[in-house]
Structure formats: structure tokens, C-alpha cells
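Please read the structure below before turning to the comments.
Note on naming: letters A, B, ... go to the chains in the order of the sequence lines (proteins, then strands), and numbering restarts at 1 for each one.
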Amino acid sequence: RKVPDHVILSGGRNNRYWVLDVEERPGHKTLTLTCSKSLHPTETCLLKDGWEMTPVRRGDVVHLEGHSEGASWVVDREQGFLVLLPDSLISGTSISSSIRCMRRAVLGDIFDGGSKQMLNGTMVHEVFQRAATAKDFSLGTLSKLADQALHSPKYLGDIPSHSRAPSRGQDSAAVVMVTELADIEENVWSPRFGLKGKIDVTARIRIQRPRNGSHRTPEEKTVPLELKTGKESNSIEHRSQVILYTLMSLERYNPEAGLLLYLKTGNLHPVVASHMDRRELLKLRNTLVHHIHNCVEKEAERSRLSRLPDILTNRQTCQYCPQTRNCALYERALNGSSADVSEDVVHDFLQQETGHLRPPHLSYFSHWMLLCFLEASTMEAKNGRKRVWLQTAEESEKNGSCVGNVQLSGPVMVQSEGVFLHRFQRNIAVPQKGLTTSGLASGDRVVVSDQEGLLVGLATGYLCEVSRTSISCTLDRDLSKFSGVLFRLDSDEGVVGLSTHLTNLSRLMENCQDSVCSCSDRLRELVVDLRPPEFIFNLSSVLPREAKDTVANILKGLNKPQKQAMKKVLLSLDYTLIVGMPGTGKTTTICTLVRILHACGFSVLLTSYTHSAVDNILLKLKRFRVGFLRLGQGQKVHPDILPYTEESMRKKGVHTLSELEQLYNKELVVATTCMGIKHPIFTRRRFDFCIVDEASQISQPICMGPLFYAKKFVLVGDHQQLPPIVQNQEARSLGMDESLFKRLELHSEAVVQLNVQYRMNRQIMSLSNSLMYEGQLECGSERTATALLSLPFLISVQSELSSYSETEPQHDLAWIQATLLPSNPVCFLDCSMAGCKPSDIGVIAPYRQQLKSISALLQSSAFTGVEVNTVDRYQGRDKSLIILSFVRSTLGELLKDWRRLNVAITRAKHKLLMVGSVTTLRRYAPVEKLLNHLQRENMISFQCMFTFGALPSIPL
DNA sequence: CCTCTGCTGAGAGGA
């Protein structure tokens, strides 16, 4: 009965109640609730006249609208609303689509859907809205705007050949609207009703109401206006959308009605929002949010997929549904092969949509759906976005996720299409702390709202610069009309769901016969059925004769396993797995591979999970004059790679569609992150090879994303290093942290191991060899094997230490002298330097909290350049000297992972110092194995008996 | 118990 920590309860306008009990009676339902975390006092809420059907359960959070007498609420036909799980904002379109089919609305929330016919509408919208912004509806301007819209990269690949600028008839209706335009594409988050949406046009209207002949002064109102470019249906869906907009903008303008404008005919329909309409739509919302939040149900401690709302048997409605495949897929995934469906229509439908799938496919799909849902539920619980509306700016500032009381300073600059540079500064009236001390830093994603909490989620964007007095950021909307308004900026992290995962999974199950892409069948065979990968035997059949010399030249710089890897990739018909053990030159190998493939004239899609890993390879590639196109947000791309991004290329002048196509097709090599595959380039382009770096750290559904676009693929990784991060314990135990790399590794014929390393000297390498690689890791050269730390001022420091020991004999500093010696490349200090560059030193600790204290001790300027970071963040990198801190007195999860320990001990090139308590650490199996090795090799040389206060300050 | 990177995104329309 305890309220979980992440739940925020409150009274007042955005009240949030915790449901303690639900009592069901025929015809009504009574909730016992509280808005206090202490569970006291309690209130009641009577639900009737249909509200009793709300799927509210014990432990849910609800919002109540209406009046309460004493401590009892009534929600019935005439008054009050109950909003279930109000902090999950549901979009207006989701709700209106649920009118016809609730199942479709739920699926639409889970999977990215969408049909191609919508494209035209999107473009007409854009043209209209641009024209409205410019207040210019002349035909010339319209066709210019239409032209721009057509050539925007958003639409490439889906442009029907007959699309044109809107016809003349559409302008005349449009002119009327523009003069009364208050906003376009206004973004609204309504935490009161659990709604969100983008309002096409916010129109200021004048209502003249003649009554009984007497003249009244015209009434001014601000109302939402919804544009429709298609057939004038005036349908219940369209009208519902408008009604929902009136509800979500209640706080802003309190509109009682909205407008529906059909551009095709120019007809304007007023839509009055009655209490009844709002009531019924909110009930739909509640049902929808219930299904979205309960994708998983628990039975006897085991989770499984929940049933969705029923499949419609009225096939008419399903004809144009974009979710048909997912609808059938989900049903089959739930019921397995036993399609015990009573209705023949449904049976036929399931057969038609999923007949190509066999039981293993369905169980792979349902297994991963479950894993993703579990993970999504954990992420949702941790999601702090609700703080934007449930906490005051002052409260949020305390935990460092917010800056409040700021206002616009200076003009808003248009950086590019849809990117507006804003500058804010603190309201001077109230003396406050500087901005730099707030938890916000440049690069963070932010949400802008007003300080009062009435205009929530006005804009989103990225922080550019945080100085003591001002903050600048790029936002998706121009807020210049809000000059003088007090704002708050909240960091906006972790709002990403798992829709890319789920969409990829759905795609994997696609039947290629009815799809443009022919990769799903093959990928399914390889990934799900684990069909052995095939290879050819003769290199000469793949190597073009004219490339032979170039390739031979490139190969010269490689060692034996690296050459083998190149050969294997060229001979592969399906895929190759390259195991890159620590320090074996993975980046170099990938770079060389790309050069070879490039020289052979093959196209390559180069990806990784992180932007930095992608750019690491590109930085190397750049030196070899291999051209490439880098896709992705400029903000996230390495500065030296920026000239290769689409944005920079386009600035050089892309005016026509064919120029854009040229740009997209020009380079053989295209690089992006695994998540970047939503880019329009992928609607047309296919590649000979796809290379995925860091593949052992990517979850299966994400890793397969880029593979849809290539004939063959290469995964590079090392499953002995860190696996994909999975937050949900149950999902992890069910195998969500198994990467595709690891799954495919059972086909040893596809695996090449890079075991020759150039990072660690012999002794440091021996740790990893004994812990993980069973001696397979080798030094690439004698130089690598014997490289030691160079300490040019060692002698003077040693003598200083000696004299210190003499004057303060109570401190025995022999241990520190011995620790310093380069000839002890691995030391474990059972619970330090001389001329080593700070940038050559890395401090690693498993826990963030530890890092904080360590960094605090290294505040002096002598230590700037010493990088203090977690094991996880150090993966893929190295330093000459690594100090690894194990300090911890209680047991934690992190050190139980062999792979994390392996990463930790393989970061040092020349010297590795480990600090920790042997007795405590012995309780971790992996560390114990390491300690045994250290003991055998006599590397736990020193016992230090000191308290930190007794440490002399040592020049670094 | 505490490791963290990806992402615009709500809506574009047909019956």
C-alpha cells in the first residue's frame, strides 16, 4: 500500500490522487483515494452514468475535475471528469482514431504506422501554414512554397509523381483565416486532462450574435482551427479532434467551440464542444491509456503480453487501417499457432496477414515484444517529464533539472528551418543564484514552459550555452511573441520510448511479397531461424580486377587476424562477426574494411549505436580521402565531421529534387547511428554492406534496424565487454541484454577474432587473459609488450618521499614508493606520480557517486586533464595509466558482471593501479578470480595502512 | 540498487 517514490501526488488545479481502493456495485463504482503520500486523509469518488466502466484499478493515479463536497467527489452524466493516469499525455489523434477501433489506437501508440496517402496532406498543410505565416497567399508565393515543400528531404521517396501545388480554390478560403491568425502548430500539453496535441491554427475570431434584432457588440474569441485537406467529411473523428483541442487549450483561451476548415471546398464548420462530447472523449482516453499502460500482465510472478481490445469483425473499417499487420501479428503472437478464432472473417484475416510466419517467428516476436514492454514500463516510471507540470520551478531547481524565472533577452534568431535560437536571462527583480550552478548544461534537451504552469511545453530544443547570467538554446518554435513572460526551462531526458524497437520487430515479420523491401524474409531466416551464414571460396570472383592492387596495398598495414577479417567479409554472402578484443584496433580495422569495400565499388552503410563511435571511424576515414555522407543532428556530430553532414552539403546549394537525389546517392559510404534509419534516404537507397560497430552493446531490435537496408552485414564487437543496457530486471533475466552479435556467434564459421592487441603491456594483458580470454589475447609487438610508464621526475619525487619518511617516521611511505615504480606495471593496493601528463591518466570507478568524491579531491588545477569516469563510459578507450577504484563496503550489482570488470582492467596501456579492500572484493566471483591471479603473479605487493588525512600532497 | 545512449513528433488521409 505504499506509494512508490516516483509518484507525485498533489491537490489543486492539477490534482493527482492515488487510488487506495475500488468498490464495484451494480451501476456505480466508488473509489477511495488520497492526494497525500502519507495516505492520509482519504477522500471518496463516486463514479456513475457510465463512468463506472472506467478501467481504474487500485494503485492508479487519477485526476479529478468538478466539485467535491467535504471529501467526496461525484462524477456523473452532468458533472465532473475522471482522468485516468493523467501524466500520460495522449494525443488528440490517438483518441479520435479510437472511436472506430480501440485496438487500432492502441497499436498506433505502440508501433509507428502511417500510410503513404497522407503525404500529400502533409505537404498541403505545410504550404498553407507557411503562406499563413508569411500572410501571402498569392499564387506565385504558394507555388514557390509548394516547390520548397516538395524538395524538403522529409518527403523524398514517397512523392507521388502527380503531386502539385494547391489549386486556386484553396487560397480563397485560406485568406480569410490568415487575418485572424494567432498561432500555427501550437504545441499544447494539458496535464489536467491528460492530453497533448499540435493545433494547426489558433485563430482569433469575432462572433457577431444578433438576438431579437438588438445589436450586440461583437465577441472576440480565440479558438482552435483544424485544417483538413481531404474530402469534406465533417466526420465524427474530425469533429472530435477539434473538441479535444478545445479541452486541451482550456487553460489558455477557454474556447467553447472550435473550427473545422476543409481546404478542398473552403467550407468552415463550427464545432461546439458540449460537456457530453468532452465526457465521452475522455472516457475513450481513459480506456486507451489503460491499454497502453497495461501491455504486460503478471500471472504467478511471470509476465506475459496482455490481450488488446478485440479485433473488429467489420472488415470495412479495417480496409484502410495502417495497423493491419500489427493487429494480426499481435493476435497470433498472443495465441501462438492455435488460432482458435470463432469468426471465419477474423481467421481469414489472420491467415492472410501472418500465414507466412512459422511458430518460431511468432514466438521470437512475442518474446521481444514482452521484453520491450517490460523495459518501457521501467523507463516510463523513471521518466521525469511530469515534473514539468507537477513541480514548481523552485522545487525542480533544487534537484538540478530546471531553471526558472527567466525571460527572453534579445531577438530570436532563425538558424534554419524550424530551428530558432533564443536567449534567456534571469528576471532581475528577484535576486537568485547564477545559472551555471543549475544542473543544466549545454547539449541537454529542454522543454520550455511558462512559470505559472499554464503554458506547458511551449517549445522543445537543445541548450547551447549556459553562462552565469544567461542561457541560449535552439528551440523548435519561435517564442518571440512571449516577450515579458516568465519561463522555466526543464531538462527533458528519457522521454524516448521503445517505438523504434517495436517497429523494427514488426518489420522483421513483414511478408516481403507485399513490401518494397525484400530484406525481412532473409533477415528473419538469419536472425530468428539462425540459418547458417554462407560464404563463397574464391576471392577473385568478388574483387574487381582494377581494385586488386589498391586492396593489396591497403592490406599491407594489417596484421594476420585483421587480414583474415577482411577476407571473410569479402567472401560472405550473409554476414560476418568480428570480435574485437580490447586494444586490437577495432576502429582501424573497420576503417580499413570501409576503404577496401569502397575501393571495390561497394556501397557501405556504416553505423553504430552512439554518435561518437560513428564519428571515431569517420575521423580516421577522412584521412584516407574516402568520401562519405554523415546523417544526423549537427548538434551531436563531431565538429571535424560537420562538413560531411547533410545539412552542410545542402548549404552548398540543393535546389531541385534531382540535386537532392544526387546528394543522397553521391557517396558510396553513408554513416549514421542505428536509430538514424528514419531518414528519408532509406526509403530509396540500399547498400551492399552494412557495418555495425559496438554491436555487442546494442539490443537486437535496434541492431537489426540498419540491416534492413543492406544485402550483407558485418557486426563488430566483443561480447566479453559490456552488454546492452537493460533497466528492467525481469527483462534482463529473460535475455534482453543478449545482443544480435552474441546471438549469431553460435555460428563460429562467421566469426573472426582480432586477438592481437596494441594497447596493454604484457602484465596488464595477463589480467584479462586469465579473467576472460583464456590466453587468447596476444601482444602485437615486443614494444607493446614491454612498454612502461615514463616518469621523468621519478627520482626527485622518490627522494622527496624518502626525506618525508625520515622526518615523519610514523608514516610508512614505502608502499607509495614501490607503487610509483614503472617496473610494477600492475599493482593492487589493498586498502600517486612524477612527470606524467594529466591527460595520460584516467581514474575509473564503477559508481557515479564515487566519481563525484574523487573529482572533488582532484579540484586543483594540476589535475585538470585527468579524466575521471565510470567503467561504462571508458569502454572503447584507453590511457597510459589507469587508477581503478573498487572502493565500496557493501555489495552492489555492477561488479558481479564479468564483462564490466574485463572492460575496467583493459583500459590501461602501461600501468594499472587498483585500489580496494581485498576482503570485501573476494565476495564478487569475477573480482575473486582476478585477485587469485594477482596473488599468484605476486601483483598484490603492497598493503597500505593509512587514513587519507595522512597522505602527503604529491606533485603529479 | 543506482551502470545510460538513442530519439522531434503529433498528425498527414481514405471510407
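One finds no side-chain N or O of A/Thr673 lying less than 4.0 angstrom from the OP1 or OP2 phosphate oxygen of B/dT5. Between A/Thr93 and the phosphate of B/dG11, there is a side-chain N or O to OP1/OP2 separation shorter than 4.0 Å. For B/dG6, neither phosphate oxygen OP1 nor OP2 lies less than 4.0 angstrom from any side-chain nitrogen or oxygen of A/Thr500. Side-chain nitrogen and oxygen atoms of A/Ser499 include none within less than 4.0 Å of the OP1 or OP2 phosphate oxygen of B/dC7. A close approach under 4.0 Å does occur between a side-chain nitrogen or oxygen of A/Tyr245 and OP1 or OP2 of B/dG11. When the side-chain nitrogen and oxygen atoms of A/His501 are compared with OP1 and OP2 of B/dG6, none of them lie within a distance under 4.0 Å. Put simply, A/Lys231 has no side-chain N or O that comes within less than 4.0 Å of OP1 or OP2 on B/dG14.
With A/Arg630 as the partner, the side chain to side chain donor-acceptor pair (under 3.5 Å) test is satisfied by one option alone out of A/Asp615, A/Thr672, A/Thr645: A/Asp615.
Checked against side chain to side chain contact (heavy atoms under 4.5 Å, CB included), A/Val419 has the following partners two or more places apart in sequence or in another chain: A/Gln415, A/Ser416, A/Thr474. The side chain to side chain contact (heavy atoms under 4.5 Å, CB included) search around A/Thr324 returns A/Cys321, A/Phe349, A/Glu353, not counting sequence neighbours.
Nucleic acid contact for A/Cys318: none, since no nucleic acid atom lies under 4.0 Å from a heavy atom of the residue. Within the nucleic acid shown, A/Gln727 comes within 4.0 Å of at least one base atom, counting heavy atoms only. Across all strands, A/Lys196 comes closer than 4.0 Å only to sugar-phosphate atoms, never to a base (heavy-atom distances).
In this structure, the side chains of A/Arg104 and A/Cys318 stay at 4.5 Å or more apart for every pair of heavy atoms.
Inspection of the A/Asn326 and A/Ser506 side chains reveals an N or O donor paired with an N or O acceptor under 3.5 Å.
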Please, what dot-bracket string fits DNA chain B when only Watson-Crick and G-U pairs with both distances under 3.5 Å count, crossing ones use [ ] and pairs to another strand use |?
-> ...............
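Of the candidate nucleotides B/dG14, B/dC4, B/dA12, B/dG14 has the atom lying nearest to any side-chain atom of A/Arg104.
Aromatic ring orientation, A/Trp189 versus A/Trp389: perpendicular (interplanar angle above 60°, classes split at 30° and 60°).
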